[in-house]
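Note that ligands are numbered from 1 as they come in the structure, with each ligand's atoms numbered from 1 the same way. Quick note: numbers below take in every heavy atom, side chains included, and nothing from hydrogens, waters or symmetry partners. Small disclaimer: the values here were computed from a predicted structure and weren't measured.
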Amino acid sequence: MTLRIGDIAPDFVQESTLGPLAFHAWLGDDWGLLFSHPADFTPVCTTELGETARLAPEFARRGVKVAALSVDPVHSHKDWVRDINDTQSVRVMFPIIADADRKVATLYDMIHPNASASFTVRSVFFIDPNKKIRATITYPASTGRNFAEILRVIDSLQLTDEHPVATPVNWKNGDDCVIVPSLKDPAALRQAFPEGYRELRPYLRVTPQPKV
Ligand code: BEZ
């Protein structure tokens, strides 16, 4: 099934390193990040899961629960976690879903047959507290993901949910934002942006980042 922005993230129950994971119930009212990797005991994946463990405080600060997934069985995941902890100097505390029957990979279209008939590609699903898919990223097995970019996307989603702004090219948390083109009413603009804004063109209005 091809999942698109705005779709409800499919629910599932699947085995994980922390026991059976009932996805929607586990997410509760938090944001979620569900990401797949091709296989256990592979070098790029080891660095990615190490980085995810290292960034645990950053995900927690943003109210985001993280779950990884590959199509390996749970005993393999558990053995591999020991290696990740040793080689990356971390403690993996988040669940790694053991999708040996490919139930979740199929639901989320994480196996791309032109890349590999049997392994999941590097998919990322950003899921909001209403269980809506808000963004997706897909990389091939050979390209490790940039987790600073993943945090940046979460920051942008959470900011733009709260304020009538969008985040421009290469934006990082704290940088100037642009005002959404649909907001034109002068009183509403004054209320939303008491610090004012610069109008470079009627459609290009730059403002300091509002406080989240
Ligand atoms: C890796 O995670 O290192 C990897 C996995 C599959 C193919 C190539 C690299």
- Query: Considering only protein heavy atoms, which is closest to atom 7 (C) of ligand 1, and at what distance to one decimal place?
  - Reply: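 Sorting protein heavy atoms by distance from atom 7 (C) of ligand 1 puts Ala141 CB, 3.6 Å first.
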
- Quick one: nearest non-hydrogen protein atom to atom 4 (C) of ligand 1, plus distance?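 Answer for atom 4 (C) of ligand 1: Arg122 NH2, 3.7 Å.
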
- Sub-3.5 Å N/O-N/O distance, Pro38 and ligand 1: no

- Message: Whether Asp128 and Lys131 form a salt bridge (side-chain N of Lys/Arg under 4.0 Å from carboxylate O of Asp/Glu) is what I want to check.
- Response: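 No.
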
- Message: Please determine whether a side-chain nitrogen of the Lys or Arg among Asp175 and Lys172 lies less than 4.0 Å from a carboxylate oxygen of the Asp or Glu.
- Response: yes

- Only one of Thr46, Asp72, Asn85 clears side-chain hydrogen bond (donor to acceptor under 3.5 Å, both in side chains) with Trp80; which? Thr46

- Which atoms from ligand 1 have a heavy atom of Val44 less than 4.0 Å away? 1 (C), 2 (O), 3 (O)

- Message: Show me which atoms of ligand 1 lie under 4.0 Å from any heavy atom of Pro43.
- Response: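 Counting from 1, the qualifying ligand atoms are 1 (C), 3 (O).
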
- Test side chain to side chain contact (heavy atoms under 4.5 Å, CB included) applied to Asp161 - qualifying residues, sequence neighbours left out: Trp31, Arg134

- Query: More than 12 heavy atoms of other residues, nucleotides or ligands under 6.0 Å from CG of Asp86: is that the case?
  - Reply: yes

